[in-house]
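Below: one structure, written as structure tokens.
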Number of protein chains: 2
Amino acid sequence: MTPSVEEISEHLLKHNIKPSYQRIKILEYLVTKRNHPTADEIHKELVKEIPSLSKTTIYNTLKTFIETNLARVITIEENETRYDADISDHGHFKCDECGSIYDFRVNIDILEPDELESFKINEKNVYYSGICKKCISKEEG
Amino acid sequence: MTPSVEEISEHLLKHNIKPSYQRIKILEYLVTKRNHPTADEIHKELVKEIPSLSKTTIYNTLKTFIETNLARVITIEENETRYDADISDHGHFKCDECGSIYDFRVNIDILEPDELESFKINEKNVYYSGICKKCISKEEG
DNA sequence: TTGCATATTTGTAATGATTACATTTGTATT
DNA sequence: AATACAAATGTAATCATTACAAATATGCAA
Ligand SMILES: [Mn+2]
Ligand SMILES: [Mn+2]
Ligand SMILES: [Zn+2]
Ligand SMILES: [Zn+2]
């Protein structure tokens, strides 16, 4: 799953975003790493390649991505806004031990709460937390 | 649903928290209002009655409540940590129009994602957003 | 090609929520 | 009352995010 720069550019253009160097790099980071990073994590990594890269650009670009539905925000825990270029319906699991965030497929539509009968639902989010498989086997030794 | 000061005190004692005046007031606020407030909202309201009340006390007390499982954190949106004294399993809906947060009963255990087979799940959160009933009828009316 | 309009990026300062920490106040016990 | 301990307070520090103005890049007309 490593799309070429051309494919990334196409992706941006499809959402009416001009594919600047910075935007390509940021979206490339999101779609290849798939690690639900914070703005700071993206910056720390990309600034190695683009020393002039500003944190403001990271924030501006992510804001643009969110608005154009190219990415979405993940807020499992307070004080850390994370970003995900996978906008398909799926849940997130955060390991309290190692901090990793896992995706998982989930059929959210099964829930159908009666109490939200006449509500217009735009977004559905499912967040779990606990201890991941890796950390469990590590503990057991 | 307006518990007496005695009942609030009992509730605190049951969780091994000494029922100080401030703690009683903060817990009373949470259980009577049931509005998933931010720390600031709690402070703004209670400082009317307790002019000396410090924001630090709000934060310290809420932290204690979380640790003793007397309340839980709700993080629907970034940059606003909210608190809920209802620790039963239920989902939250936030209206993008009026900002209200609604509770809804939901049987989360139906989901059972295969991918989390050998994971230890400690917490499950379900957050929806959209437009609430009231705001829909307001728009139509 | 040059010059201009516009979009994008950058750097710095401001904001706002949360936390750290030292001081003060309250409570219980002797 | 004196002491010890817990809780509350006020202030300063931290940290993520945003605001804003200046610099840079891009696209196009002359
Ligand atoms: Mn994801
Ligand atoms: Mn609730
Ligand atoms: Zn783990
Ligand atoms: Zn509403």
Side-chain angles (χ1 to χ4, degrees), chain A residues 5 8-9 12-13 15-29 36-68 70-84 99 101, chain B residues 5 8-9 11-13 15-29 36-68 70-84 99:
Chain A
V5 172
I8 298 285
S9 294
L12 285 164
L13 285 168
H15 290 255
N16 296 313
I17 301 171
K18 209 170 285 181
S20 72
Y21 181 52
Q22 288 85 343
R23 287 168 176 170
I24 290 169
K25 283 298 177 185
I26 293 169
L27 183 54
E28 190 182 43
Y29 179 95
H36 311 91
T38 62
D40 192 61
E41 285 169 353
I42 300 170
H43 183 256
K44 273 208 173 65
E45 181 67 25
L46 294 184
V47 80
K48 294 175 188 170
E49 242 191 298
I50 317 164
S52 72
L53 183 65
S54 159
K55 228 175 202 178
T56 304
T57 298
I58 305 283
Y59 281 110
N60 288 341
T61 303
L62 290 170
K63 198 183 175 196
T64 305
F65 287 0
I66 302 301
E67 286 167 353
T68 56
L70 221 140
R72 65 160 159 151
V73 171
I74 306 293
T75 45
I76 303 188
E77 295 210 69
E78 58 270 39
N79 303 338
E80 49 169 54
T81 306
R82 297 179 169 277
Y83 300 87
D84 192 350
I101 292 171
Chain B
V5 172
I8 298 284
S9 293
H11 196 180
L12 285 164
L13 286 167
H15 289 255
N16 295 313
I17 300 170
K18 207 170 287 181
S20 72
Y21 181 51
Q22 288 85 343
R23 287 168 176 170
I24 290 171
K25 283 298 176 185
I26 293 170
L27 183 54
E28 188 183 46
Y29 179 96
H36 311 91
T38 62
D40 193 61
E41 286 169 352
I42 300 171
H43 183 256
K44 272 207 175 64
E45 181 67 24
L46 294 186
V47 82
K48 295 176 190 171
E49 242 192 299
I50 317 165
S52 73
L53 183 64
S54 159
K55 230 176 201 175
T56 303
T57 299
I58 304 284
Y59 281 110
N60 287 342
T61 303
L62 289 170
K63 199 183 175 197
T64 305
F65 287 0
I66 301 300
E67 286 167 354
T68 55
L70 222 140
R72 65 159 160 152
V73 171
I74 306 293
T75 46
I76 303 188
E77 295 208 70
E78 58 269 41
N79 303 338
E80 49 170 54
T81 305
R82 296 180 170 277
Y83 300 87
D84 193 349

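Throughout, a chain's letter reflects where its sequence line sits, starting with A, and its residues are numbered from 1. As the structure is a prediction and not an experimental result, all values here were calculated from the model.
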Roughly, in whole Å, what's the span from [atom1] in [X] to [atom2] in [N]?
X	N	atom1	atom2	result
A:K55	D:dA19	NZ	C1'	16 Å
A:E49	C:dT9	CD	P	16 Å
B:I42	C:dA17	CD1	C1'	14 Å
A:Y21	C:dT10	OH	P	11 Å
B:L12	D:dA7	CG	C1'	14 Å
B:N16	D:dA6	CG	C1'	15 Å
B:H43	D:dG10	NE2	C1'	11 Å
B:E80	C:dT15	CD	C1'	16 Å

Report which part of the nucleic acid B:D40 touches: base, sugar-phosphate, or nothing (heavy-atom distance under 4.0 Å, all strands).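 The answer is nothing, as B:D40 stays clear of every strand by at least 4.0 Å.
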
Within the 4.0 Å heavy-atom criterion, would you say A:T38 contacts the bases, only the backbone, or no part of the nucleic acid?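 Here A:T38 touches no strand at all.
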
Shortest side-chain distance from [X], nucleotide among [options]:
X	options	value
B:K18	C:dA20, D:dA7, C:dT10	D:dA7
A:T56	D:dT17, D:dT9, C:dT10	C:dT10
A:R23	C:dT9, D:dT17, C:dT18	C:dT9
B:L53	D:dT17, D:dT9, C:dG11	D:dT9
A:Y59	C:dT9, D:dT17, D:dG10	D:dT17
B:S20	D:dA8, C:dT18, D:dA19	D:dA8

First encountered from the 5' end of DNA chain D, between B:N60 and B:N79: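 Counting from the 5' end, the first nearest nucleotide belongs to B:N60.
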
Could you grab the distance from atom CD of A:E80 to atom CD of B:E78, nearest 0.5 Å is fine?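 With rounding to 0.5 Å, CD (A:E80) is 12.0 Å from CD (B:E78).
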
Between [X] and [N], is there a contact of a side-chain N or O with OP1 or OP2 at under 4.0 Å?
X	N	answer
B:Q22	D:dT9	yes
A:T57	C:dT8	no
B:S54	D:dA8	no

A:E77/A:R82 ion pair, N-O < 4.0 Å: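 A:R82 and A:E77: not salt-bridged.
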
Quick one, [X] and [Y] - any side-chain contact, counting heavy atoms below 4.5 Å?
X	Y	result
A:P19	A:I8	no
A:D40	A:K44	yes
A:T57	A:H43	no

